[in-house]
Amino acid sequence: MTDEKLDQILKQALAPEINDREIRVRRRRKGKMRKFGKIGKAAAAAVAVAVIGTFGLGYFNPALAAKIPLIGKIFEKVEDDIIYSGDYTDKGTVLTNEDHAGNLDTSDYSVSDKGITLTASEVYCDGYSVFLTVNIEAEDADFTHIPEHYTGMNVADNRTAAGFYIDGTWSVDGNSPEMLENTFEGEVIDSHTFAGMLKVNLAEKATGSGELNLNVNGLGYDDDRMLDGEEISASHWTDGSWNIVIPFEVNGTDVKTIEVGEKKGNITLDNVVVSPYQVIVHATTPGEQRELTDDRREKLLSKDPDMTDAEMLELLGWSYEPCYTICFNQDGEMLYPDTEMAGRAGFAVQGKEIKTLQIFIFDNLDDWAQMEQEGIGSSIADRAVIAKEIHVE
């Protein structure tokens, strides 16, 4: 996508109108967060950190916060405002609890380095993604200047969350490591405490139990006092080592898979997965569907340690042709789109009722962007390669 196109979409995505300097800040941050693929109205509103400062955040007094148990209840704390929002009650597994004095009942899931302590709190897995809550503490930090970004479909939704950058790798059950490309998304509790959630998409469907190996080698956050700087992304960054092994159990409650198998043109809509917090559309396009061997992956990583599997496939000429997916429910409400990767398009449910899904898959980014802006009644809908109604209930 050209810079001009990104500027145009950003201007349409965020209200009130924003100036060119703010757009440049957003574009720099987009690269820093390693987001890739399409950026539309909703996606831009999530990736772009809105210059809304710290209004209305209602930080706790640090002394008071220490007396209120937080670890073990982070889902409850952040579930209304994060992108993958929803009621996590009775869904996740509690890893670590704390008492009113701030003492942890286990140290197995808490690691410290460079003055920063990262504590895993709860975990939930629907078989397709792992949702992990964490608590980050740093005595010498001031988290109250972390900007918030929009997490709703529209700015008018008034849904915002703070973000904490993360660098490193993750793997499940000893498989080859994948680069961490997401952020912790959540809430600043006080000057020294951040509570958030990380969502990791699994390469293959998980069943039963497993272990998530989280190897973090860098943590950072933005500072709203540095918005005039040329580069503010992760202006507060710390390199270190925070490694945790997190056990999880797949919770298949309320997770449905609807097989489709419809092929039109060069695109096949394989199936649709509906879980309590996300909708996943699995589609395939032409390309050599070959898997990376561990040996080949290691050789490529030796040349570029930051290379993702998607980039490796592209380098080897095994990548899929791109497609662009958009999804609405039975009321014509568009579901919040996440980054789309080869074979998988993810959408946040955000508490919407899902009885029927209207799925449109395009082979042209501009057509996708127009429909995202105009909604389900867009005249561009008939240009979708696949337009499919899926009955969930």
Side-chain angles (χ1 to χ4, degrees), residues 1-3 5-6 24-39 43 46-48 113-114 116 118 129-130 132 163-185 198-204 212-222 230-245 284-324 338-346 365:
M1 180 183 297
T2 65
D3 287 346
K5 183 65 177 177
L6 178 59
R24 287 194 299 272
V25 167
R26 287 159 172 73
R27 189 188 302 129
R28 286 198 300 271
R29 183 175 286 101
K30 170 179 172 288
K32 188 72 175 183
M33 293 172 69
R34 294 182 59 82
K35 292 289 183 181
F36 53 91
K38 56 183 171 48
I39 294 292
V47 174
D113 192 25
K114 303 297 178 63
I116 300 175
L118 190 154
S129 303
V130 175
L132 173 69
F164 215 103
Y165 296 105
I166 177 174
D167 197 10
T169 63
W170 65 271
S171 63
V172 171
D173 295 336
N175 292 334
S176 298
E178 300 279 351
M179 298 298 297
L180 282 165
E181 294 181 331
N182 293 8
T183 62
F184 293 121
E185 186 181 55
L198 173 72
K199 175 175 177 281
V200 174
N201 295 327
L202 303 177
E204 298 179 357
L212 172 67
N213 290 268
L214 195 64
N215 300 304
V216 178
N217 55 39
L219 294 167
Y221 55 95
D222 290 336
E230 280 301 309
E231 177 57 79
I232 71 163
S233 292
S235 50
H236 297 277
W237 184 264
T238 302
D239 291 316
S241 179
W242 300 267
N243 302 326
I244 310 178
V245 178
T284 54
T285 58
E288 294 187 69
Q289 301 182 30
R290 299 170 63 180
E291 295 183 359
L292 288 167
T293 64
D294 289 344
D295 288 344
R296 189 179 294 273
R297 182 182 283 106
E298 289 177 5
K299 288 179 181 178
L300 291 171
L301 287 175
S302 68
K303 298 178 180 178
D304 182 358
D306 294 330
M307 188 177 297
T308 65
D309 275 9
E311 291 168 338
M312 293 179 195
L313 288 170
E314 184 175 0
L315 180 64
L316 294 168
W318 298 351
S319 57
Y320 296 89
E321 293 181 11
C323 60
Y324 311 96
D338 201 347
T339 299
E340 185 165 353
M341 299 178 290
R344 172 178 176 146
L365 176 60

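Because the structure is a prediction, the values reported are computed rather than measured.
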Taking only residues two or more places apart in sequence or in another chain, which ones pass side-chain contact (heavy atoms from CB on, under 4.5 Å) with [X]?
X      : answer
Asn217 : Asp167
Asp239 : Trp237
Ser129 : Asp126, Phe131, Lys199, Asn201, Gln278, Arg344

How long is the gap from CH2 on Trp170 to CD on Glu181, to the nearest 0.5 Å?
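That separation rounds to 10.0 Å.
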Pairwise distance CG(Asp304) to CG(Leu301) - rounded to 0.5 angstrom:
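Rounded to the nearest 0.5 Å, the CG-CG separation comes to 8.0 Å.
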Ser171: partners by side chain to side chain donor-acceptor pair (under 3.5 Å), with sequence neighbours left out
none
Just to verify, what does Asn175 make a side chain to side chain donor-acceptor pair (under 3.5 Å) with, not counting sequence neighbours?
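Result, side chain to side chain donor-acceptor pair (under 3.5 Å) vs Asn175: none returned.
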For a 4.5 angstrom cut-off between non-hydrogen side-chain atoms, does [X] reach [Y]?
X      : Y      : result
Val172 : Val200 : no
Trp242 : Leu214 : no
Ile166 : Asn182 : no
Phe164 : Leu198 : no

For a quick test of reading the model, state the closest non-hydrogen atom pair linking Asp173 to Asn213 and the distance between them.
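Looking at all heavy atoms of both residues, the shortest contact is N-ND2, 4.2 Å.
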Which atom of Asn215 lies closest to which atom of Asn243, heavy atoms considered
CA-OD1, 3.1 Å
Restricting to ring-ring contact (aromatic ring centres under 6.0 Å, His included), what partner residues turn up for Phe184, sequence neighbours left out?
none
